[in-house]
Amino acid sequence: QVQLVESGGGLVHPGDSLRLSCAMSGFALKNHGLAWFRQAPGKEREGVACYTVNDGEIYYEPYASGRFTVFLDDSTDTYYLHMTKLKQADTATYYCAVDVRPWVCYSDYVSGMHYWGTGTPVTVSA
């Protein structure tokens with residue numbers, strides 16, 4: 001049974017950094033796409049980044065590029081989202097997600113994903 005458990009969210013100030021974790025279990029990482037999404041209050045869910053396990057390539061949404069970094073610790077099956085220079089506009093619930101298509105990050109990953117965590121809230125406020 002696939003399980004994704006996010007953690008690390010909280011209340012931070014503008015300009016702060018925060019690292020979110022996604023503990024994954026119940027499947028082998030190879031041949032999957034791993035993604036982070038977020039959903040702000042009153043807005044639709046949007047992609048943050050997508051990690052292709054098979055080649056290590058990462059796609060970042062334009063707003064995330066340069067401020068956010070995703071990485072995978074395959075020794076612990078933990079997927080991370082490290083966020084810097086946080087803005088109030090980054091306030092959202094952040095979700096990790098997994099797709100069984102290994103190359104999904106090279107296409108429309110936002111419309112995909114087969115497994116989801118329950119999310120961890122991030123609030124950026126002065």
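The structure presented is a predicted model; accordingly, all values stated were derived computationally and were not measured.
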(message) To the closest 0.5 Å, what do you measure between CG (Leu86) and OG (Ser125)?
(response) 12.5 Å
Counting only pairs under 3.5 Å, give me each side-chain donor-acceptor contact of residues 37-45, with atom names and distances, residues two or more places apart or in other chains.
from: Arg38; atom 1: NE; to: Glu46; atom 2: OE2; distance (Å): 2.7
from: Arg38; atom 1: NE; to: Tyr63; atom 2: OH; distance (Å): 3.3
from: Arg38; atom 1: NH1; to: Asp90; atom 2: OD1; distance (Å): 2.9
from: Arg38; atom 1: NH1; to: Tyr94; atom 2: OH; distance (Å): 3.0
from: Arg38; atom 1: NH2; to: Glu46; atom 2: OE2; distance (Å): 3.1
from: Gln39; atom 1: NE2; to: Lys43; atom 2: O; distance (Å): 3.0

(message) Which residues pass the side-chain hydrogen bond (donor to acceptor under 3.5 Å, both in side chains) test with Asp73, not counting sequence neighbours?
(response) Ser75, Thr76
(message) Quick check: do His13 and Val124 have side-chain heavy atoms less than 4.5 Å from each other?
(response) no
(request) Would you indicate whether Tyr115, at its atom OH, is surrounded by more than 12 heavy atoms from other residues, nucleotides or ligands within a distance under 6.0 Å? (result) no
(message) With clusters defined by side-chain heavy atoms of hydrophobic residues (ILVMFWY) lying less than 4.5 Å apart, directly or transitively, does Leu81 cluster with Leu34?
(response) yes
(message) Return the NE2 to CG distance between His82 and Leu18, rounded to the nearest 0.5 Å.
(response) 9.0 Å
(message) Can you give me the closest heavy-atom contact between Thr118 and Glu6, atom names plus distance?
(response) N-OE1, 3.1 Å
(request) Without swapping roles, check the side chain of Tyr60 against the backbone of Val70 for a donor-acceptor pair under 3.5 Å. (result) yes
(message) With a 6.0 Å cut-off on the ring centroids, do Tyr79 and Trp36 count as close?
(response) yes
(message) Please give me the minimum heavy-atom distance between Asn54 and Pro102, naming the atom from each residue.
(response) ND2-CB, 3.7 Å
(message) Quick check against the 3.5 Å criterion: does His32 have a side-chain atom that pairs as donor or acceptor with the backbone of Val100?
(response) no
(request) Keeping to residues at least two apart or across chains, list the disulfide bond (SG atoms under 2.5 Å apart) pairs with something in residues 6-68. (result) Cys22-Cys96, Cys50-Cys105
(message) Running the 4.5 Å side-chain criterion over Ile, Leu, Val, Met, Phe, Trp and Tyr, what cluster does Tyr80 land in, apart from itself?
(response) Phe71
(request) Say whether Met83 and Tyr51 are linked into one hydrophobic cluster, either directly or through other cluster members, by side-chain heavy-atom distances under 4.5 angstrom. (result) yes
(message) If hydrophobic clusters are built by linking Ile, Leu, Val, Met, Phe, Trp and Tyr wherever their side-chain heavy atoms come under 4.5 Å apart, do Met113 and Val48 end up in the same one?
(response) no
(request) Treating Ile, Leu, Val, Met, Phe, Trp and Tyr as nodes and any side-chain heavy-atom pair under 4.5 angstrom as an edge, say whether Trp116 and Val122 lie in one connected cluster. (result) no
(request) Could you walk me through whether Glu61 and Val110 pass side chain to side chain contact (heavy atoms under 4.5 Å, CB included), step by step? (result) CA-CA 10 Å; Glu61 297 295 338; Val110 175; 4.1 Å; yes
(message) Has Thr91 got a side-chain atom pairing as donor or acceptor with Gln88's backbone, closer than 3.5 angstrom?
(response) yes
(message) Counting C-beta onward and ignoring hydrogens, is there a side-chain heavy-atom pair between Gln3 and Ser25 closer than 4.5 Å?
(response) yes
(message) Donor-acceptor pair, distance only, cut-off 3.5 Å: does the side chain of Thr93 make one with the backbone of Pro121?
(response) no
(request) Indicate, with yes or no, if Val104 and Ile58 share a hydrophobic cluster defined by side-chain heavy-atom contacts under 4.5 Å among Ile, Leu, Val, Met, Phe, Trp and Tyr. (result) no
(message) Checking one residue: Tyr106. Which other hydrophobic residues are in its cluster under the side-chain 4.5 Å linking rule?
(response) Trp103
(message) How close do Thr78 and Leu72 get, counting heavy atoms only, and between which atoms?
(response) O-CD1, 3.5 Å
(request) Show which residues join Leu11 in its hydrophobic cluster (side-chain heavy-atom contacts under 4.5 Å, direct or indirect), or state none. (result) none
(request) Kindly compute the distance separating CD (Glu57) from OG1 (Thr52), expressed to the nearest 0.5 Å. (result) 7.5 Å
(request) Go through the steps for Val98 and Leu4 under the test side chain to side chain contact (heavy atoms under 4.5 Å, CB included), then give the verdict. (result) CA-CA 9 Å; Val98 174; Leu4 307 174; 3.7 Å; yes
